[in-house]
Amino acid sequence: MEPFICPEAFLKPYNPNEQEPRMLEAWEKSGYANPDVCIKRGVTKPDAESYSIVLPPPNVTGTLHMGHASMLAIEDILIRYHRMRGYKTLWIPGTDSAAIATQSKVETDIYKAEKKTRHDLGREELMKRIDAFVEESKTTIINQTKKMGSSLDWSRYAYTMDEKRYAAVMGAFVRMYDAGLIYRGNRIVNWDPKLQTTVSDDEIEYAEQKDAFYHFKYGPFDIGTVRPETKFGDKYVVMHPDDARYKEYTHGQQIDLEWINGPITATIIKDEAADMEFGSGVMTITPAHSALDFEIAQRHKLDVERVIDDRGILLDIAGEFKGQHIKKARALIVEKLKTKGLISKIDEDYVHNVAINSRGGGIIEPQIKLQWFINVNKEVQFPDGKRQTLKERMREAVSSGNTKITPERFEKIYYHWIENLRDWCISRQIWFGHRIPVWYHEPRCVPKPGREADVEKSLMMIVSATKPQCEFCDAEFMQDPDTLDTWFSSGLWTFSTLGWPEDTDDLKTYHPTAVLETGYDILFFWVARMILMSGFLRGEVPFRNVYLHGLVRDGQGRKMSKSLGNIIDPLTMIEKYGADATRLSLIVGASPGNDLKLSEDRVRGYKNFANKLWNITRFVLENPSTGPGQAELNAEDAELIREAHRIAAEASINIDVFRLDLAADQLYHFVWDRFAAEIVEQSKLVLKAGEPTAQASRQRALLEILIVSLKLLHPFMPFVTEAIWQQLPKKESDQLMVAKWPV
RNA sequence: GCAUCCUUAGCUCAGUUGGUUAGAGCGUUCGAUUCACAUUCGAAAGGUCUCAGGUUCGAAUCCUGAAGGAUGCACCA
């Protein structure tokens, strides 16, 4: 046999910038990321078990950050591993429209450039601008995603606002409405006066703030507040029924007292919501602008009156303060109360929480609004025959083990969240998003001549995916102006990407998906909602496993942010150290659910490792004694090969239980400390001075250990391993990507 | 307030059911290097495993308590 000459391609050192684009091109050309291609080319058996992951879709208008990079690395490892194990493996890419974030970005840009607001442009024009912006910026995130080596099947790419996904959202809404799960109602919601939209409970962040805390004389009582501007309408005074201090007062008793704008009559309410420990134990309530107060008001059927409008302006009830903005009015109101002698005390340094919209920063003002909600406590019929509530369904998905959350401790957090879950407000007043498929017959139906009798039958509101027509008159139905919470469409993601509501082959083959892999910060927003949607619409869980990774932080454990200037850009890292090194730096040391502190040094270290592997290969290929034939293996070399296979078995187990950090670390040490430092070193002696049979045996062993190492490392560092594979004299498959996993 | 997690070398972290001398990467110090290695190799220093009790033949690991840190949820009128 011809001695194998080490290919010239083995320039030293390993240069990722040169190899990576070639590998990307080769992979793309092969189409192996598409399971249909794998089956057609005989790489995957048609009846193989399936393994699928949907990529948590990044914002279309965003750029790749380390959080994405970490997610892509983890998922690609799982995907490549299973593909090599022979599973019918599918990883679906997509992007998210990120309604509020995208709209505010475009609005801001337009305002900067043209000094126009969305109202100046109108809805249609704004949509055009947003679509153009999305179209322009989506290639950025897609190309960046590819650079990580992600073996996504781009032929199945989905966008939350594309035609198919839009249809899925409409279909889902109609089904849920028909089942009585979606209702419209006047309820207290979180209103963002800045963005002029409602926001869900989960999208709210609390920030500590220091404000003055005022004590007022409210008749014989002492009441406290940080928000005097809400107090105009307060005509109920609430105390705990067991509070001995106030036992002389009875529920429903009326008291005349002097208040901000003159004398009023207040009513005593005894309710357990009043905390005896807090302040005087007595409070007045503002049902229109506080969730708790609203509940109390509903319990006792009290009057509810708005004090503040959608823009934060005081209404008629404020009397002389009417028309003023709450921010400015506060000081004036306090001043007036002072002169009336109604203030008993002021604490200047009162620390309390203020609710802000995490998407845009407006301070939340609870308001009562007519909105669309999903009822989480209503018992309904599920496709699998069960009758239960959405809450029960969400709990059962996990408690039954049909969906397993890793790390396990998040299961408790998940249950706890469900306990506290209230009806989900799904309507938003922003323009960019999926429209609510509800149609109003306005004005009232005026039947065509001869159909006057049908006026009673005409419907004023119709829920339908497509625009309805009135049977009795020529009036056009007007669509509900609101859009849906972005998480409504995200909740459908595991199956809308597979073609639902059509009954596609993909859906049958790949749903439920194998794993949903995402950051723990998104457990409630997304994971829980997917379980809800899939449960109701498909009668099955959306995924068998949830794997939650930690967040990527800077070297000091701080969140990466522009303002701190501590962002490590994955693309810069790829350029400097290669995608393989970038991937490994995000995997090793990142135990499940724990945050990872990333520094540039880490990345550099793994570049050296890629180079190490490259050089081991060169040694193996440059030192053929009798050529890499099928020489007889001696006992010692057979044992070396068995050792490599033992490592393979251990690594497989670690990957199976999501301990990618351990698997990667173990492979790293096997290749560096064992293979390079010991086996290769000792082989130098054998190859130089050993018997010819020993030389041949060792040469074969080296090649086999190298091949096993390449395969094992491929999911973790696909580029360098594939680049090496391409140079091997004989190989079992044209690409390492579809080589057989060693067991 | 309720809950979860964390505290191990200078830094970042492993240490899976309790079991010899507690490990890795980076950093530090010293030495070697025409030999696959734009580097690598060898060696060294560095630890009261946060603290205090307890269980045990044996505890970084299990239990109780304390301190510090992080996070989630609820929430204050």
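As a basis for the values below, the full set of heavy atoms in this structure was taken, side chains included, without hydrogen atoms, waters or symmetry mates. Letters go in sequence order (proteins before strands), and every chain restarts at 1.
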By nearest atom, which of the nucleotides [options] is closest to the [X] side chain?
X	options	answer
A:P13	B:A38, B:U16, B:U4	B:A38
A:Y668	B:G25, B:A38, B:A36	B:G25
A:R602	B:U12, B:A24, B:C5	B:U12
A:H669	B:C13, B:A24, B:A36	B:A24

Looking only at heavy atoms, which two atoms of [X] and [Y] are closest? And how far apart?
X	Y	value
A:V226	A:Y214	O-CE1, 4.4 Å
A:I74	A:E517	CD1-OE2, 3.4 Å
A:E229	A:V307	O-CG1, 3.8 Å

Close side-chain approach of [X] to [Y], heavy-atom, < 4.5 Å:
X	Y	result
A:D665	A:H669	yes
A:Q699	A:V620	yes
A:Y246	A:I268	no
A:L702	A:S683	yes
A:Q727	A:T617	no
A:Y218	A:I264	yes

Contact class for [X] (heavy atom, under 4.0 Å): base, sugar-phosphate, or nothing?
X	value
A:A590	nothing
A:T286	nothing
A:E419	nothing
A:I616	base
A:R604	nothing

Quiz item: Counting only heavy atoms not in A:K345, do more than 12 sit closer than 6.0 Å to its NZ atom?
Solution: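 No.
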Exercise. Give a yes or no on this: more than 12 heavy atoms of other residues, nucleotides or ligands lie within 6.0 Å of atom CD of A:E419.
Key: yes
Taking only the [atom1] atom of each, what is the distance from [N] to [M] in whole angstrom?
N	M	atom1	answer
B:A60	B:A9	P	14 Å
B:U20	B:U64	C1'	29 Å
B:G68	B:U50	C1'	8 Å
B:C49	B:C75	C1'	38 Å
B:C13	B:U8	C1'	9 Å
B:U21	B:G15	C1'	16 Å
B:C30	B:A70	P	39 Å
B:A59	B:U17	C1'	14 Å

Between [atom2] of [N] and [atom1] of [X], the distance in whole Å:
X	N	atom1	atom2	answer
A:F658	B:A14	CZ	C1'	20 Å
A:I418	B:A3	CD1	P	19 Å
A:Q666	B:G25	CD	P	15 Å
A:L548	B:U4	CG	P	17 Å
A:N654	B:U16	CG	P	12 Å
A:E622	B:C35	CD	C1'	12 Å
A:D661	B:U16	CG	C1'	11 Å
A:F609	B:C26	CZ	C1'	16 Å

Quiz prompt | Upstream residue (5' side of RNA chain B) when A:L596 and A:W672 are each assigned their closest nucleotide | solution = A:L596
Practice problem: Let me know, please, whether A:V680 or A:D665 comes out on the 5' side of the other along RNA chain B by nearest nucleotide. | Solution: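 By nearest-heavy-atom nucleotide position, the 5'-most residue is A:D665.
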Practice problem: Verify the distance criterion only: is there a donor paired with an acceptor across the side chains of A:Q682 and A:E678 at less than 3.5 Å? | Solution: no
Quiz item: Is any side-chain N or O of A:N608 closer than 4.0 Å to OP1 or OP2 of B:U40?
Solution: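 Yes, A:N608 has a side-chain N/O under 4.0 Å of OP1/OP2 on B:U40.
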Practice problem: May I ask you to evaluate whether A:K612 reaches the phosphate of B:U40, defined as a side-chain N or O under 4.0 Å from OP1 or OP2? | Solution: no
Practice problem: State the dot-bracket string of RNA chain B. Criteria: Watson-Crick or G-U wobble, both atom distances under 3.5 angstrom; notation: ( ) intrastrand, [ ] crossing earlier pairs, | interstrand, . unpaired. | Solution: (((((((..((((.....[...)))).(((((.......))))).....(((((..]....))))))))))))....
Practice problem: Starting at the 5' end of nucleotides 69-77 of chain B, put B wherever the base has a protein heavy atom under 4.0 Å, S where only the sugar-phosphate does, and a dash everywhere else. | Solution: ---SSBBBB
